[in-house]
Amino acid sequence: MFLLQSISKRFRSQLPPSVFRRFLSDTDSPASNSKLFVAGLSWKVDEKSLKDAFSCFGEVTGVQIMYDKNSGRSRGFGFVEFVKEDEASSAKNGMDGKAFLGRPLSISFAVDKVRGLPLIIPRVSTSR
DNA sequence: GTTGAGCGTT
């Protein structure tokens with residue numbers, strides 16, 4: 001599904017628009033609406049406490065805290081995914097700027113970045 | 001044992 005979105009963006013100029021309307025809304029905002037980028041985390045915050053804090057705003061489907069490969073400790077930011085967008089936005093409105101375990105949180109909508117796709121556009125040769 | 005803007009895989 002998300003792969004389809006990335007692929008469709010690449011071949012948008014080569015395919016009729018009716019193909020994309022099924023997958024893309026009228027906005028191709030780079031931010032995913034149901035996933036939040038949560039920064040300003042204290043280094044002792046783990047995923048379960050983060051999920052527990054955000055679960056009161058809605059159903060949390062996934063929590064990811066980025067850890068440093070060398071030190072093994074938190075890098076101070078992570079991602080919280082909700083089932084619905086309004087839950088995510090309400091969680092953002094409710095938690096952004098608020099202190100969590102001693103540190104103020106900086107919450108925004110996550111940018112769609114997926115590990116695995118090289119995002120290589122070898123040729124844009126639509127002409128010939 | 002420390003530090004503090006940020007958009008990803010420990």
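Given the structure is predicted, the values throughout are model-derived calculations rather than measurements. Chain identifiers are assigned alphabetically (A, B, ...) following the order of the sequence lines, protein sequences preceding nucleic acid strands; residue numbering begins at 1 within each chain.
Distance, Lys35(A) NZ to dG6(B) P: 21 Å, rounded to whole Å. Atoms CG (Asp68(A)) and P (dT10(B)) sit 12 Å apart, rounded to a whole Å. Distance, Lys69(A) NZ to dG8(B) P: 11 Å, rounded to whole Å. The CZ atom of Phe37(A) sits 12 Å away from the C1' atom of dG4(B) (whole-angstrom rounding). Distance Tyr67(A) OH to dG4(B) P: 21 Å, rounded to the nearest Å. Phe100(A) has its CZ atom 17 Å from the C1' atom of dG4(B), to the nearest Å. To the nearest angstrom, P of dA5(B) lies 9 Å from CZ of Arg103(A). Rounded to an integer number of Å, the gap from CZ of Arg75(A) to C1' of dG4(B) is 14 Å.
Contact of the Ser74(A) side chain with the Met66(A) side chain is not registered, since no non-hydrogen atoms from C-beta on lie closer than 4.5 Å. Looking at heavy atoms from C-beta onward, Lys92(A) lies in side-chain contact with Phe109(A) at the 4.5 angstrom threshold. The closest side-chain heavy-atom distance from Lys98(A) to Leu105(A) is not below 4.5 Å.
Within the nucleic acid shown, Ser108(A) comes within 4.0 Å of at least one base atom, counting heavy atoms only. Residue contacts for Leu36(A): at a heavy-atom cut-off of 4.0 Å it reaches no nucleic acid atom on any strand shown. Gly72(A) comes within 4.0 angstrom of no nucleic acid atom, judged by non-hydrogen atoms across all strands.
With a cut-off of 3.5 Å on both pairing distances, the Watson-Crick and G-U wobble pairs of DNA chain B never assemble into a stem of 3 or more.
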**Item:** side-chain contact (heavy atoms from CB on, under 4.5 Å) assessment of Phe57(A) paired with Asn93(A)
**Value:** CA-CA 10 Å; Phe57(A) 295 97; Asn93(A) 294 326; over 6 Å; no

**Message:** Let's go through Glu59(A) and Val83(A) carefully: what are the C-alpha distance in whole Å and the side-chain angles of both, what is the deciding distance for side-chain contact (heavy atoms from CB on, under 4.5 Å) to 0.1 Å, and is it a yes or a no?
**Reply:** CA-CA 6 Å; Glu59(A) 186 178 350; Val83(A) 181; 3.6 Å; yes

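Closest to the side chain of Arg73(A), out of dG6(B), dG1(B), dG4(B), is dG1(B). Comparing dG6(B), dT9(B), dT10(B) by their closest approach to the side chain of Met66(A) singles out dT9(B). Listed nucleotides: dT9(B), dC7(B), dG6(B). Nearest to the side chain of Gln64(A): dT9(B).
Hydrophobic clustering (ILVMFWY, side-chain heavy atoms < 4.5 Å, transitive): Trp43(A) and Leu101(A) are in distinct clusters.
Both geometric conditions, a ring-centre gap below 5.5 Å and a plane tilt below 30°, are fulfilled for Trp43(A) over the base of dT3(B). dG8(B) has Phe79(A) stacked on its base ring, the centres lying under 5.5 angstrom apart and the planes within 30 degrees of parallel.
Residue pairs that meet the ring pair (Phe, Tyr, Trp, His ring centres under 6.0 Å) test with at least one member in residues 62-105 of chain A, sequence neighbours left out, are Phe37(A)-Phe77(A), Phe37(A)-Phe79(A).
Residue whose closest nucleotide on DNA chain B sits further toward the 5' end, between Phe77(A) and Ile65(A): Phe77(A).
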